[in-house]
Amino acid sequence: MLIGVLKKQVSLRTFSYADDRPISYRQEEEYFTSPRRGADGRFTPVEQVRPIDEQFIGGFLPPPSPGPPPLPAKDDIYNDPTFRLPDEIKSQKSISSSQLSRLSAVERSRILRVARMEPHLMFMVGPLLKYDTTDEHGIWHGALLIVTADSSSTYEPHPTLTYQYDPDKLTRHHKRKTFEGKSFDLGPHPADPHSTSLSLSASQINGHASSGPNFTSEQSPAQEIWLEGKPLTFTFWRFMIHIPLGPNEMKVAYSINHGQQLHFFVPGRNQNMRWASYSCNGFSAGVNPDDFRGPGFQSGFDPCWLDLLAHHHEEPFHVLVGGGDQLYCDGLTREPELQEWVAKLKPEEKQNYQLTDEILEAIDRFYFNHYCQVFRSGAFARANCSMQIDGFGSYPDDLQNSPIFRTIGTRGYFFFLLFQCFINVDVDGVDDKNHINRSIIIGAPGPYVGFPSHSFLGYLGPQTSILLLDCRAERKKDQVCSPLEYEKVFARLHQLPSTVEHLVVQIGIPIAYPRMVALEKILESKYNPLVALGRNGSLGLSGFVNKFNAEAELLDDLNDHWTSRTHKQERNWFISQLQEFAKVKHIRVSFLSGDVHCSAVGVFKSLKDKNNPEVPSPLDYRYMLNVVTSAIVNTPPPGGVIKLVASLAGKTHKTMHKSQTDETMLPLFTKDPDGSNRGQKYIMGRRNWCITTYDESTGDLSFDIRVEIEKGIGQTQGYMVRTPPPRWERSLAATLSTSPL
């Protein structure tokens, strides 16, 4: 859920001038090293975004493969009783040009008409959805965010969200018996400019098509939560959504100002949610995205996302969980206003460099433009509008507290709250007992970012909850979370109702993963000759050290890890506390992580007594999986790195033996996606994402890691791991302390 504002991963590899004409890499480098001001006295920013044409709202797909897919039943427009098509067309799911030519102008217009917003809005990004939680009365709570350009939008009246649902109407899933065509053959979408679908009729958009007696249409007024931009301005609008869950899964249709209709799904009242998770949604520096673009795809970003959307089309996900690196922001260091600061060679010069209004404006401009660009593009944008989405801090104190570096972190966290959590602290406050988000847990003020931590404890069904732990706001080189954050989090955890059997703790960085302590020691050593040469720029090794304080480039990533020496004590305490919580509350705890660009499954379990058999996992309250799914877009590590990590993965660590706990990795990947045997059975170095479901028959929580079969083709193979429900003896203390949400 959290972004590492500076994680040494750069998402930008192409650059455009203001007129959007691409320029060569050499010109790009020349511009960055010697930026020039325009006639208005301003620099040309690294990234500029313009308003979206209305037909693109909600994201769009690459051109379909030859032969358009049939129109799925969910997009059927023929339910409109006020509209009659000629008999020869009534039974069809698509209309050919020759058939259209035989219709009257009125009939053609009625069929092909695209819904338009009234009053008109010009979107910069959105709509974005966010799920909050479901309360004890079965009310689903969430929100929607749009950002609009003031100069070309009409706000009289203010924007309005209309959302509609029918608890009596059963949703239809689209299971495929065999894989046919590309994974991006998802059927038409009202925001797809390449779509061959028929447009939604006005009557369906206004809620008059096939409505049952309990059909409900609600309107939510817009709340202005932030104004961004100079000299042009852009308004952030938030709409709150509250839906009483029915006996069955429901499809919720929505539109802004009666424009294009989009939809998402909510579960039945007693149904545990089906959800997807991902991390690392971008490419590192030096990676060519086209290397990951298979036939028929326009971008290397899309194949795994389109595979996720194909699964969503077959059986809808109720929640989409971002596990870190939702976007990469190191492109900020190429903004022209920051080049003088970046060019300073001595760390103390960088640390003493003063913040100016122009630099502050450039930092805000970058975050705004970059968020808009990433969150509105391609398949990721489509996921954002159809599923609810629910490195800074690892440097020394002197650098973290320097004026520019501190501002980068503070503004990065501000825009994280705004774009990903739909929160503005100045509007919503920091009182988690009286907050617009019911799931929120607000911790202590961060030492560097200027905001308190924002964690979330959400409902994923009667038997499942998720803790999205903020491991960034309070982070220091020797701390992940503050004592106050832990205190408030555990207090809320102990209030979980007695029906909950599974708690998933989402943390961006793996907590059970092979150690890199030896490498950490080498990189920290002042006698490391590579660091010395890198600081002097000798032998072409300047890239070995980072551009902020001239320490080894990989050191901040290693310092970020729970398993680093500086976080080891806190990590072990946290695990022990969760084990005690699991024992007392009779809840199975699992971890979900990303960050490392490969998939793996770590496990904690009770230490085996020499004279007794191993404790069966259902009876072992210490049994905790750490499912690692990373990356959905970024390139896997080089083969040599994978081999090194895999060689360390088979080791059983003794660091928690004092707590009667063993730690190791599960050999999940004994075969490659093509079925061939593989030697590295602990670590999978391919792009991936994950599906999580609750098995109603066994009580297991299943994690299906979807691994890319072949680079860029948009198809995945599943690797399933299951964690059992709690079957140890229930504690009396838990029965006495249980209270409803």
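Predicted model only: the values in this text are computed from it and were never measured. Numbers here are sequence positions counted from 1.
The backbone N or O of Y459 sits less than 3.5 Å from a side-chain atom of Y131, completing a donor-acceptor pair. Looking at K130, its side chain never comes within 3.5 Å of a backbone N or O of A143 through a donor-acceptor pair.
Between F292 and F283, the ring center distance clears the sub-6.0 Å criterion. The six-membered or imidazole ring of F419 lies near that of F236, with a centre-to-centre distance under 6.0 Å. The ring of F415 has its center no closer than 6.0 angstrom to the ring center of F368. Checked against a 6.0 Å centroid threshold, the rings of Y155 and W237 count as neighbours.
Ion pair D132/R438 not flagged as a salt bridge, since none of the NZ, NE, NH1 or NH2 atoms sits closer than 4.0 Å to an Asp/Glu carboxylate oxygen.
Under the 30°/60° scheme for interplanar angles, the aromatic rings of F380 and W305 are found to be tilted. Note on ring orientation: taking the six-membered ring where Trp is involved, the planes of H454 and Y413 are tilted (angle from 30° to 60°). Aromatic ring pairs are classed by plane angle as parallel below 30°, tilted from 30° to 60° and perpendicular above 60°; the pair F265 and H263 is perpendicular. Relative ring orientation between Y254 and F264 is described as tilted, the plane-to-plane angle lying within the 30° to 60° band.
For the residue pair E218/T162, the side-chain donor-acceptor check at 3.5 Å is not satisfied.
Counting heavy-atom neighbours within 6.0 Å of E349 CD, excluding the residue itself, gives a total above 12.
Judged by the 6.0 Å and 45° rule, R411 forms a cation-pi pair with F414.
Between the CG atom in L227 and the CG atom in N424 there is a gap of 11.0 Å [rounded to 0.5 Å].
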